[in-house]
Amino acid sequence: MAPALAAPLDTALLAPGTEVQVRSIERFSRAHDASHYLLVPDAVLSPTDAEGVARAFDAVRAAGRTLTFRSGGTSLSGQGVSGDVLVDTRSHFRRITVEDAGASVRVGPGATVRQVNTRLARHGRKLGPDPASEIACTIGGVVANNSSGMACGIVENSYRTIESLLLVLPSGTILDTGAPDAEERLRRQEPEIADGLLALRDRLRASPEQVAFVRQQFSMKNTMGYGINALLDFDDPVRILEHLVIGSEGTLAFVAEARFRTIEVRPAIATGLLVFETLSDAMAALPGLTGLGLATIELMDAASLRVAQRLSDVPAAIADIAVDQHAALLVEIHAKDADELGRASATALAHIDALPLAVEASLTTDAAERAALWHVRKGLYTAVAGARPSGTTALLEDIVVPVDRLLATCERLIELFALHGYEGSVIFGHAKDGNVHFLLNERFDDPDSIARYRRFTDDLVELVLSQQGSLKAEHGTGRIMAPFVRRQYGDELTDLMWDIKRLIDPSGLLNPGVVLSEDPDSYLRDLKRVPTVEGEVDRCVECGYCEPTCPSKDLTLTPRQRIVLRRDMAWAEEQGDTELLRDLRADYDYEGVQTCAVDGMCGVACPVDINTGDLVRRLRAEQASAVEDGLWDAAARGWGAVTRLGSAALTVADALPAPLVRGATKLGRAVLGADTVPLYDAGLPRGGTRPPRPGDPADARAVFFGACIGTMFGAEGDGDGSRDALRTLLDRAGVPVVVPEDAGGLCCGTPWKSKGHLAGYGRMTDRVLSALWAASREGELPVVCDAASCTEGLHVMLAHAVAEHPEYAGLVIEDATTFAARELLPRLDVPAKLDRIAVHPTCSTTALGATGALTQLAAAVADDIFVPDGWGCCAFAGDRGMLHPELTASATAVEAAEIRDAETERPFDAFVSANRTCEIGMTRATGRGYRHIVEVLEELTRP
């Protein structure tokens with residue numbers, strides 16, 4: 001925590017532009033990361049640029065305080081938490097600039113690896129570092145931890161692929177290490193650092209014994225302590241400084257921008273799983289496999305294979321064996337094209353065929369089969385961490401040893417698990433690098449557990465160092481291994497590291513207690529409490545994978561923050577801290593509940609399968625009044641009339657002056673609440689059209705489920721909307737359909753489910769599924785829906801109902817995009833395509849796996865399709881965008897800016913999506929009229 005007598009920050013020193021956040025909900029929501037440490041910051045600063053960071057240094061130093069940088073929060077070793085001042089580097093440092101046709105890229109520390117690789121993909125390039133957490137880990141963390149990954153080894157990691165850094169030193173000096181006069185500036189502005197680094201360089205080089213040891217240590221993946229190999233690899237002070245900062249975990253300087261040399265994407269890939277009778281057999285095969293130049297060789301021990309057998313899509317190679325002492329190697333070949341892949345695969349298979357395998361192996365290029373194999377490897381964390389006992393923390397640790405010592409290390413590690421009672425622990429990792437991870441569950445709420453963890457750690461340190469390894473390979477030293485740096489490097493080299501710290505950060509301003517610590521027990525302090533709360537919360541490992549996809553991430557809270565605040569409130573209540581509990585509860589309703597779009601994208605990204613929207617829906621259900629429930633239950637009884645009334649109201653509103661209608665809804669919101677009355681604006685459309693009339697032709701080939709949002713909301717411009725357009729296309733393609741009875745009174749149930757009105761949801765579920773069961777002739781015909789979110793809603797409704805009505809499992813519900821791409825396109829002629837269209841995928845097309853069909857339809861109607869790299873859920877979320885328009889504005893800001901930039905290059909002929917409310921949200925965000933893709937298809941196929 002912050003020093004008890006520390007001076008407050010002088011906000012005048014921070015101005016202009018730096019936001020200072022001190023509310024409890026802001027401090028506690030940012031306190032948690034993926035590590036097993038918890039420190040609550042006293043204040044959170046959000047500077048906007050390098051100059052703002054320099055001013056923050058001045059303010060924090062003047063107050064006698066310390067600061068820690070935080071971006072993605074995927075760090076596992078405690079390097080991203082602080083009890084003093086936390087500096088948010090994710091909110092304003094996201095710029096990505098691709099240069100030299102993708103050969104280089106300049107990136108702010110707040111951008112994620114996946115976001116950068118998405119922009120590089122069109123150039124056939126990618127970043128060298130390939131951490132498994134690429135969906136969420138940021139460039140700031142990648143540089144701070146010298147991240148590597150499954151394929152890059154030590155050849156393409158951050159240390160090897162960084163071309164230059166824009167640094168803010170603790171003194172406030174801003175240095176671009178790529179500038180032609182960088183060394184001159186360093187010598188002029190920081191002469192002590194320039195001279196001191198050269199002196200440290202010469203000091204190390206003067207000891208042949210220490211030089212040899214450093215070379216050996218950094219011939220492996222190694223993120224333990226500072227990267228003092230920089231003193232051997234470079235001669236000038238700028239390059240030395242630059243590479244010492246890489247892997248320094250925010251303890252030496254702030255990286256405001258990193259320029260990477262990118263690497264070529266090798267898109268032709270083959271994957272195979274090699275299962276051996278014993279771990280010894282697998283390790284004996286490792287040198288020969290490494291000699292083949294395989295991109296990845298991933299190890300899974302026997303415990304891992306037993307866990308994998310519990311996965312729903314486990315490959316037969318694992319499912320069919322009685323696991324005893326088995327081990328497996330997941331191998332992969334990357335090539336530039338099919339011919340090169342064919343040659344490499346033939347060579348590899350000739351070698352593999354001679355290995356003593358327990359199961360016959362093959363190499364597959366099939367995307368689904370490859371995904372299933374990787375799900376085994378990546379699903380280990382999900383299976384073990386997600387099933388851990390409530391109240392425990394999942395610790396994912398990593399070590400590295402010389403490859404020829406990996407077998408002995410793994411065997412002893414398995415013995416240590418048994419010796420210390422860590423049941424269910426698994427070993428997996430990057431075998432060709434001698435780098436393995438292991439996962440164990442521990443609780444830190446009682447002295448016996450902490451004592452056990454201490455004993456295990458002592459034995460682990462002894463094991464790794466006896467094998468000439470490093471206690472950290474990828475995850476960074478952090479707090480967890482800082483006390484053991486001296487054990488690994490000895491006094492002389494550790495003192496050298498301390499001299500580096502004091503030279504560059506003489507006042508100890510940056511991230512104290514991380515990388516270096518002279519307190520032997522510091523790794524046992526500030527351990528995370530994990531109170532039992534509720535099912536959705538208890539499984540969370542606080543990794544932050546969910547955050548980049550969350551629509552509210554820049555407005556209020558992310559899914560991780562919604563969950564950890566539930567833990568903090570439970571802890572406050574347990575400890576009797578009524579003031580903190582009151583503070584957190586006061587802000588949680590708006591920030592945690594009302595501004596959640598419940599779009600489910602977090603569940604897609606979550607490694608332990610948590611859809612935070614389910615938690616929010618349950619909280620909304622608990623908050624709903626009996627009157628509200630009754631009204632929504634009544635609406636379910638007469639939904640057809642409700643939608644027609646809503647349609648009429650929008651049509652009337654469209655004819656009236658917008659300020660008049662907006663004023664009326666503002667008054668209603670003031671009286672009844674912003675979460676009850678939608679806010680009208682001129683961007684909303686007129687009312688929609690009447691639902692289709694029932695029909696049941698004998699030769700029907702599908703059931704047509706026209707979404708009720710087509711009744712509520714009219715089409716963009718003068719069009720007829722997706723419902724009428726799809727019906728026209730079905731007729732034009734000669735596909736007769738059934739229209740269920742009372743079609744206008746049927747709904748996917750999302751309005752009830754998302755608001756937590758369970759009685760009405762149950763009523764609508766019974767009505768809709770019985771109608772679709774009858775209309776589909778008991779599952780004989782597929783059900784086709786014209787709105788992606790409604791299709792997803794029907795899928796969810798069906799999944800919940802099958803337990804009570806198992807016969808409904810025969811229902812097939814399909815989105816209009818997938819049905820049209822498969823069944824209608826071959827029967828339609830597009831005589832003249834548009835030049836260019838912009839496509840907005842939705843959270844529902846993602847969840848349904850229908851985004852590919854959406855882009856296929858787009859390619860059928862236009863020569864050039866543009867899918868923004870920064871697209872995301874629009875957060876309109878039914879009526880959420882009308883209740884809280886600020887949510888949609890925040891969620892769409894990045895995509896809207898990208899659309900505007902793209903239009904300056906070449907105009908678009910159309911803007912398309914796959915769901916009416918998403919189209920309204922994007923129209924509002926961009927000022928461009930978005931329509932359903934089937935509307936454009938219908939227009940271009942008219943005879």
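As the structure is a prediction and not an experimental result, all values here were calculated from the model.
Between the CD atom of Glu807 and the CD atom of Glu778 there is a distance of 8.5 Å, given to the nearest 0.5 Å. Within the model, atoms CD of Glu935 and OH of Tyr930 stand 14.0 Å from one another, a figure rounded to the nearest 0.5 Å. With values rounded to the nearest 0.5 angstrom, Lys833 atom NZ is found 9.5 Å from Ile865 atom CD1. Remark: Phe908 CZ to Asp835 CG distance equals 10.0 Å, nearest 0.5 Å. The distance from the CZ atom of Phe704 to the CG atom of Leu726 is 5.0 Å, given to the nearest 0.5 Å. Atom OG in Ser722 sits 6.5 Å away from atom CD1 in Ile709 (nearest 0.5 Å).
Shortest non-hydrogen contact noted between Ile837 and Leu834 is CG2-CD1, 3.7 Å. When all heavy atoms are compared, the tightest approach of Cys790 to Asn915 is N-OD1, 4.2 Å. The two residues Asp599 and Thr549 make their nearest non-hydrogen contact at OD2-O, 4.4 Å. Closest heavy-atom contact between Val936 and Val912: CG2-CG1, 3.7 Å. Considering every non-hydrogen atom in both Leu746 and Cys708, the closest pair reads O-CB, 4.0 Å. Closest approach of Ala715 and Arg916 over heavy atoms only: C-NH2, 3.6 Å.
No side-chain donor-acceptor contact under 3.5 Å links Ser789 and Ser844. Using modelled atom types, one finds no donor on one side chain facing an acceptor on the other under 3.5 Å when comparing Thr892 with Arg924. Between the side chains of Thr595 and Thr556, a donor-acceptor pair is found at a separation under 3.5 Å. For the residue pair Arg620 and Gln594, no side-chain donor N or O sits within less than 3.5 Å of a side-chain acceptor on the partner.
At a threshold of 4.0 Å, the pair Glu903-Arg900 does not count as salt-bridged, since none of the basic side-chain nitrogens sits closer than that to a carboxylate oxygen. Residues Glu547 and Lys553 are not paired through a salt bridge, judged by the lack of any N-O separation under 4.0 Å between the basic side chain and the carboxylate. A salt bridge is defined here as a Lys NZ or Arg NE, NH1 or NH2 lying under 4.0 Å from an Asp or Glu carboxylate O, and Asp696 with Arg777 meets this definition.
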Residues 728-741, side-chain donor-acceptor partners within the protein, below 3.5 Å, at least two apart:
{"unit_1": "Thr728", "atom_1": "OG1", "unit_2": "Asp724", "atom_2": "O", "d": "2.9"}
{"unit_1": "Arg732", "atom_1": "NH1", "unit_2": "Glu938", "atom_2": "O", "d": "2.9"}
{"unit_1": "Arg732", "atom_1": "NH1", "unit_2": "Thr941", "atom_2": "O", "d": "3.4"}
{"unit_1": "Arg732", "atom_1": "NH1", "unit_2": "Thr941", "atom_2": "OG1", "d": "2.8"}
{"unit_1": "Arg732", "atom_1": "NH2", "unit_2": "Glu938", "atom_2": "OE2", "d": "2.8"}

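Checking side-chain atoms of Tyr588 against main-chain N and O of Arg562 turns up a donor-acceptor pair under 3.5 Å.
Heavy atoms from other residues, nucleotides or ligands lying under 6.0 Å from CZ of Arg693 number 12 at most.
Considering only residues two or more places apart in sequence or on other chains, Glu622 meets the salt bridge (Lys or Arg N to Asp or Glu O under 4.0 Å) condition with Arg618.
Taking the side chain as every heavy atom from C-beta outward, Leu555 and His884 never approach each other to under 4.5 Å.
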